[in-house]
Amino acid sequence: MNGPIAEVVFDIPLHRAFAYLVPPAVSVARGQRVRAPLQGRARVGMVVDLREGDATGLLAIQSVSEPVPIFSRAALELTRWVADESLSSWGSTALALLPPLPARGAAETLAPPPEGRPAAGAPPELWMAARRADRLVDLLAREPSPALVIAPDIESAARWARRLDAARLDSGIPGVERRAAWFAASRGRARIVVGTRSALLTPLPPPAMLVLLDEHDTAHKPPGAPRLHTRDVLLRRAALEGSRLLLLSATPSVESWWRAEDRQIRASQPEPGPWPEVLTADTRGVLRNHPLTLPLTRAIEELSRRGRQVALVITRGAAALACDECGSVLRCPECGVALALSRAERTLSCRVCARGEPLPEGCPCCGGHRLSPLGWGAERVEAAVRRRFPRLSVSRSDPGANVVVGTAALLGRLGPGSVGCVGFVDVDGLLRVPDFRAGERAFEILWTAAERVGGAGRIIVQTRHPQHYAIRAVREQDRAAFYKNEMRFRAELGYPPFRRLCVVSTRDVRPGGGQALIGECAERLRGLPDVTVYGAVRQSPAAVARARWRAVIKGPPDLPRLLDAPLRPFLERRRRGSAVVEVEMDPVSLS
DNA sequence: AGCACGCCGACT
DNA sequence: GTCGGCGTGCTC
């Protein structure tokens, strides 16, 4: 019995499509959302292909979710690419990039997405200069072409939508409005739309402009589908449809800087502008019974006399060890990341290769006897400042206090121009985060603070590494110096952007199960060409205490292709007894 | 014999 | 992800 057959993918971890008969009363196209029976109940899926064939024994599509396709052919292909790149299923990827389903009986004006021809466009642009946000607002006001602006989170999307007087596509607004904005953009009726990653594939009539705010922000890759960095999806989208793409960040990811050097992205080096004085306060050899060094104490004194605010940035619990004498951090000799301290087990272990070591007696560098793991918590800093400056208002929550204490996120909440000095109580806490991106993150936070306080302000960095290249680059307002050093480190030890990473992890409520499973995964991957598997070492039964196991995999740029076949059984059947497998391509964090 | 639970494969 | 089939093993 021949008839029209639709291939449909669903939000399940299976990559394969399911075939259904298209009944005569229903008309469907590729890229259309439909309801179809799966395991006896109706579920929403995406039509990825249509063909004529023998429909004997096939179940029928029940209905369409909307009367028109919601993805263009190009967008649908893009979801497939994202799924393949991230080792996730086509269905879960595609369905995560769509607006909510319509409310029952809602009246809507819908149109199919524009089917643009692939066009050769200009290369993406990296905007790093100060006042890049103002420049963007100006550009969007001048430019007549439709624009999609992607923000790292809902709050940022809301702010930008207000600033640009644009429709919102993020999940911070009611589903009806999101849908309306999606289809308005699709029909060319909303010139500027603002959203988060769920809005990445919003159709726009060409020639369109795509904008990524805070390109470096790891919030652009939260857990869950679509499991690829928003930057990478936009780069691909822009290339496929020939759209102009703007990446905004004062401190771009090393990946994007590298692409700029490789001429895949256009970047102009901004002229140096007004810049604060960046002072380092060396804490080596200083007995640290107080969180404030003399330079920072003086700055608080002086600034408060002049009626200016001081922000003190603290670092949350650093789980690594550093020598009090020479300042060196205990690092894995093979992987270069700080060794993570487990106080309970009194061991140090590497987050990348899983190498474990007992706590050393002294510093391997200088033989010093004091190795200190402690950072300064917000409470301790707040109390210490109060004691020293009883007349000043000191707060962790009031952004108007004379002295405000908080983590790096605090900097974003303070009004521009109000802060005269930012003091980093323990920047080493950032540098010794057991993650290869620790330096990049420290650089980003310091640079942001410097931009924030501006030319009349001051930055004071308390550190045992006053010569660290991240601090030096911020002091000199010299981005290139930072990236040069950082890329050398990444190249030497084989980290992104030179090699790609994948993390396979297992969990089990019962001891031993997770270990057996991660061992099984690692076994399948060993011996692949140009692929290194770290960790997942089978340990003696005595060491079996944790419920979580992890293997870090390093490989060439086509790592997802290499891992697809051997990991397929684990990706498609994540639960093995009480143990669960998770696979994360291109992790934004290893801690 | 009858039922609970957990493992495992199938899902069009 | 979610469902149900079926085997193991316990209970009435």
Side-chain angles (χ1 to χ4, degrees), chain A residues 1-65 69 76 79-80 82-84 86-98 100-101 171 198 222-228 504-521 523-524 547 549 564-585:
Chain A
M1 187 184 78
N2 266 15
I5 295 172
E7 297 283 349
V8 180
V9 293
F10 295 90
D11 180 16
I12 53 178
L14 305 180
H15 192 280
R16 61 172 286 224
F18 295 82
Y20 292 88
L21 170 70
V22 183
V26 176
S27 142
V28 297
R30 285 175 108 192
Q32 195 157 2
R33 257 193 306 200
V34 294
R35 292 172 76 79
L38 186 69
Q39 285 203 293
R41 53 192 199 94
R43 298 194 51 170
V44 174
M46 166 66 54
V47 177
V48 295
D49 202 10
L50 287 165
R51 57 186 170 89
E52 285 289 319
D54 182 9
T56 314
L58 294 189
L59 298 176
I61 282 179
Q62 291 170 326
S63 60
V64 294
S65 302
L76 190 58
T79 61
R80 191 188 172 123
V82 171
D84 289 346
S86 59
L87 295 173
S88 5
S89 76
W90 194 359
S92 57
T93 303
L95 292 162
L97 289 165
L98 289 174
L101 290 161
S171 55
S198 60
R227 307 177 71 105
L228 194 65
V504 178
S505 57
T506 63
R507 280 173 291 133
D508 199 337
V509 285
R510 298 181 323 202
Q515 182 188 18
L517 190 51
I518 198 74
E520 213 182 307
C521 294
E523 208 49 53
R524 295 286 194 95
W549 292 84
D564 183 77
L567 284 182
R568 183 55 63 88
F570 301 99
L571 290 163
E572 302 213 331
R573 208 162 55 82
R574 294 183 46 211
R575 285 186 20 250
R576 309 272 169 136
S578 54
V580 183
V581 189
E582 270 174 293
V583 176
E584 176 81 6
M585 267 310 299

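Residue numbers start from 1 in every chain, and the chains themselves are labelled A, B, ... in the order their sequence lines are given, proteins ahead of strands.
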**Prompt:** Would you say A/Glu572 and A/His15 make side-chain contact, with heavy atoms under 4.5 Å?
**Reply:** yes
**Asked** Considering only C/dC3, B/dG9, C/dG1, which nucleotide approaches the side chain of A/Arg41 most closely?
**Response** C/dC3
**Nearest-angstrom distance from the residue atom CZ of A/Phe18 to C1' of C/dG1** = 11 Å
**Prompt:** Closest heavy-atom contact between A/Gly514 and A/Asp508?
**Reply:** N-CB, 3.3 Å
**Message:** For a quick check of understanding: with a heavy-atom distance under 4.0 Å over all strands, which category does A/Leu14 fall into, base, sugar-phosphate or nothing?
**Reply:** base
**Item:** Atom-to-atom span, CD of A/Gln39 to P of C/dG1 - whole angstrom
**Value:** 13 Å
**Message:** Could you check whether any side-chain N or O of A/Arg574 sits under 3.5 Å from a backbone N or O of A/Val581, counting only pairs where one atom can act as donor and the other as acceptor?
**Reply:** yes
**Request:** Could you tell me the separation between the CD atom of A/Glu7 and the C1' atom of B/dT12, rounded to a whole number of Å?
**Result:** 8 Å
**Request:** Take the protein atom CZ of A/Arg574 and the nucleotide atom P of B/dC8, then report the distance between them rounded to whole Å.
**Result:** 17 Å
**Message:** From C-beta outward on A/Ala19, which listed nucleotide comes closest to its side chain: C/dG1, B/dT12, B/dC8?
**Reply:** B/dT12
**Item:** Distance in Å, A/Gln32 CD paired with A/Met46 CE, rounded so as to fall on 0.5 Å steps
**Value:** 8.5 Å
**Request:** Round to the nearest Å and state the distance from A/Arg575 atom CZ to B/dC7 atom P.
**Result:** 9 Å
**Request:** Check every atom of C/dG1, B/dG9, B/dT12 against the side chain of A/Leu58 and return the nucleotide holding the closest atom.
**Result:** B/dT12
**Message:** Any base atoms under 4.0 Å from A/Leu59, or only sugar-phosphate, or nothing? Heavy atoms, all strands.
**Reply:** sugar-phosphate
**Message:** Nearest whole Å is fine: how far is B/dT12 P from A/Gln62 CD?
**Reply:** 12 Å
**Message:** How many whole angstroms separate atom CZ of A/Arg573 from atom P of B/dA10?
**Reply:** 10 Å
**Request:** Using atom types as modelled and distance alone, determine if a side-chain donor or acceptor of A/Ser89 lies under 3.5 Å from a backbone N or O of A/Ile12.
**Result:** yes
**Prompt:** To the nearest Å, how far apart are A/Ile12 CD1 and B/dA10 P?
**Reply:** 14 Å
**Prompt:** Reckon A/Arg576 touches a base, only the sugar-phosphate, or nothing at all at heavy-atom distances under 4.0 Å?
**Reply:** nothing
